[in-house]
Amino acid sequence: MEKKWWHKSVVYQIYPRSFNDTTGNGVGDINGIIEKLDYLNELGVDVIWLSPVYKSPMKDNGYDISDYQDIDPLFGTLDDMDRLIKEANEREIKIVMDLVVNHTSDQHEWFKEARKSKDNPYRDYYIWRDEPSDLKSTFGGSAWTYDNTTGQYYFHNFAKGQPDLNWENPKVQDEIHNMINWWLDRGISGFRMDVIDLIGKEIDKKIIGNGPRLHPLLQDMNKATFGNYDVLTVGETWGANPEIAELYSSPSRKELSMIFQFEHMTLDWGEFGKWTPKELDFKQLKQILSKWQTDLENGWNSLFWNNHDLPRIVSRWGNDGIYRVESAKMLATILHMMKGTPYVYQGEEIAMTNVKFDSLHEYNDVEIHGTYRDIVEENKLITHDEFMNGVYIMGRDNARTPMQWTRNEHAGFTNGLPWLKLNPNFIEINVEDALNDPKSVFYTYKQLIDLRKNSEYSDTIIYGDYQLILENHEAIFAYSRFDSDNELFVIANFTENEQSVDLGIDAKEVIVSNYIDTSTKLELLRPYEACVLKIK
Ligand code: TEU
């Protein structure tokens with residue numbers, strides 16, 4: 001496989017509105033990110049993936065864009081953006097922007113024009129029908145909204161303020177290609193591509209994801225834009241499996257660098273999806289993550305537990321009580337020793353946890369409120385309390401509470417009123433305390449990132465083979481990583497109960513561990529104990 005810079009990179013995702021506020025308006029901003037570049041440099045990340053900072057009415061916190069080529073005043077200006085790119089690059093950190101082109105905001109000029117009349121030049125930038133179908137929005141309710149002016153319905157896979165673009169229109173393709181190049185010429189190093197699997201949709205055939213036109217459209221986009229630059233592109237593709245991932249990420253296909261797959265992230269979804277969560281099938285988790293290690297022949301994998309849409313992993317599959325630190329380090333070790341590009345979501349590196357607000361109205365997320373209207377109020381599929389349980393465990397606002405920098409007021413995130421309530425545990429969980437504690441989760445992430453990038457084991461971790469071990473064990477996740485030079489053993493206890501193991505190994509060295517006295521003989525794994533052993 002031809003080596004690429006992003007094979008070796010570690011990406012840090014910033015959700016700007018919750019990262020660091022320098023103006024006192026309670027919303028994080030670009031200057032707040034610039035202020036924290038040295039912190040990210042200390043962690044050792046190479047790339048920042050910036051969730052949207054473009055002009056937006058903020059109905060979906062920026063994933064509803066009204067001007068792709070300007071910065072929303074909430075976050076700053078284009079000059080601030082240029083300065084972030086420059087200051088990051090000076091620290092050898094690249095900036096990857098969020099490309100949200102399945103839909104725009106209903107306040108985008110294109111949509112304002114399109115809804116004026118049926119023969120407006122921009123009409124076919126969007127998807128209009130005389131009658132709605134039974135397609136539903138991801139955010140609850142119908143995916144169709146009636147437009148009084150022209151007497152037709154328009155399609156929106158998400159909120160009604162997010163009308164889907166018609167990607168069969170060559171003018172749409174050209175407009176987006178031009179915008180992509182405009183940003184690449186500004187010096188960014190790639191894109192995360194929001195629900196990119198949806199741009200090949202065929203509405204009348206009710207094909208939404210992975211449509212037949214998807215890959216031709218991506219190949220055209222690659223050829224007209226980022227294929228002419230040495231940049232990272234990662235597609236958000238909820239329905240992908242390794243076979244589909246090959247289509248996106250095999251270099252010969254000239255589409256994307258890699259994709260985010262979500263097979264592992266829906267394992268504990270119940271009858272009504274994440275709103276009715278169920279027990280994780282641990283063996284299935286091991287099987288799926290291992291499949292993604294071995295079945296991607298020519299493509300490239302991404303590795304993540306968290307993002308701005310997902311609950312905090314230490315609360316979801318770790319232990320956010322007495323074993324918060326051990327279990328967070330365990331989860332980091334299991335993920336970061338795998339093959340693929342790792343993504344760290346803001347706050348994951350200090351093991352921030354889920355939050356539990358007192359009432360539904362304290363939550364901000366359009367998905368939470370839209371789905372509540374649909375499955376609780378209108379269709380009574382589940383009760384209010386059942387839904388709130390789903391929000392506590394799986395709601396997107398779990399990931400969006402402001403970053404916890406210090407134990408001071410508002411966790412040092414803002415000196416104004418935060419746009420979303422903080423998690424009150426910032427008193428115990430914050431960056432300042434983590435940096436002052438050599439045994440903090442932060443330093444485990446730093447160690448794992450350094451091991452991947454700068455150690456004698458780098459190539460083994462990045463390109464080496466993978467073998468799952470103890471695959472039927474109900475509590476232990478163990479695998480080996482090996483090549484002609486090294487053999488590493490990664491083993492973790494996913495539970496708070498001690499596990500005795502008889503691996504018949506006598507390792508040469510304990511390279512990483514979340515306990516200070518892990519034995520090279522490794523006969524007993526303590527609660528959430530995880531380690532990396534040098535076998536050869
Ligand atoms: O998310 C795609 C998406 O469908 C997720 O929101 C998913 O539906 C949900 O989290 C699982 O229940 C992308 C962005 O990441 C998200 O923030 C946006 O809200 C969405 O697209 C629309 O742009």
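Atoms considered below: every heavy atom in the structure, side chains included; atoms not considered: hydrogens, waters and symmetry mates. In each ligand, atom 1 is the first atom listed, and ligand 1 is the first ligand listed. Every value quoted in this text rests on a predicted model; they were computed, and no experiment measured them.
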Looking only at protein heavy atoms, what sits closest to atom 4 (O) of ligand 1 is F158 CE2, 3.4 Å
**Asked** Got more than 12 heavy atoms from elsewhere within 6.0 Å of NZ, K254?
**Response** no
Exercise. Could you tell me whether Y248 and W300 have their ring centroids closer than 6.0 angstrom?
Key: no
V195 heavy atoms within 4.0 Å reach ligand 1 at atoms 2 (C), 21 (O)
H103 heavy atoms within 4.0 Å reach ligand 1 at atoms 22 (C), 23 (O)
among protein heavy atoms, the one nearest atom 9 (C) of ligand 1 is E367 OE2, 3.1 Å
- Compute the shortest N/O to N/O distance between D60 and ligand 1 and return yes if it is under 3.5 Å, no if not. yes
Would the number of heavy atoms belonging to other residues, nucleotides or ligands and lying under 6.0 Å from CZ of R186 be above 12?
yes
For H308, the ligand 1 atoms with a heavy-atom partner under 4.0 Å come out as 14 (C), 15 (O), 16 (C), 17 (O)
Numbered in order shown, the ligand 1 atoms found under 4.0 Å of a heavy atom of F139 are 19 (O)
Checking heavy atoms under 4.0 Å, the part of R400 that sits near ligand 1 is side chain
**Prompt:** More than 12 foreign heavy atoms under 6.0 Å from NZ of K291: is that the case here?
**Reply:** yes
**OP:** Could you tell me whether H410 and F426 have their ring centroids closer than 6.0 angstrom?
**Re:** no
When rounded to the nearest 0.5 Å, the distance separating OG of S302 from CH2 of W6 is 11.5 Å
Taking only non-hydrogen atoms of K274 and a 4.0 Å limit, the atoms of ligand 1 in range are 9 (C), 10 (O), 11 (C), 12 (O)
Exercise. Give the ring-plane orientation class for Y372 versus H384, where under 30° counts as parallel, over 60° as perpendicular and anything between as tilted.
Key: perpendicular
For atom 6 (O) of ligand 1, the closest protein heavy atom turns out to be R396 NH1, 2.9 Å
Given the options D106, N157, D60, D64, Q162 meets side-chain hydrogen bond (donor to acceptor under 3.5 Å, both in side chains) only with D60
I'd like to know whether the aromatic ring centres of Y343 and F260 sit less than 6.0 Å apart in this structure.
yes
Per-atom filter on ligand 1: closer than 4.0 angstrom to a heavy atom of R192 are 14 (C), 15 (O)
Checking heavy-atom distances from atom 15 (O) of ligand 1 to each of T371, D309, V101, V366, the winner is D309
Per-atom filter on ligand 1: closer than 4.0 angstrom to a heavy atom of D194 are 13 (C), 14 (C), 15 (O), 21 (O), 22 (C), 23 (O)
- Task: Tell me whether the centres of the aromatic rings in Y445 and H336 are closer together than 6.0 Å.
- Result: yes
among protein heavy atoms, the one nearest atom 8 (O) of ligand 1 is T138 CG2, 3.3 Å
protein heavy-atom neighbour closest to atom 7 (C) of ligand 1 works out as W238 CZ2, 3.6 Å
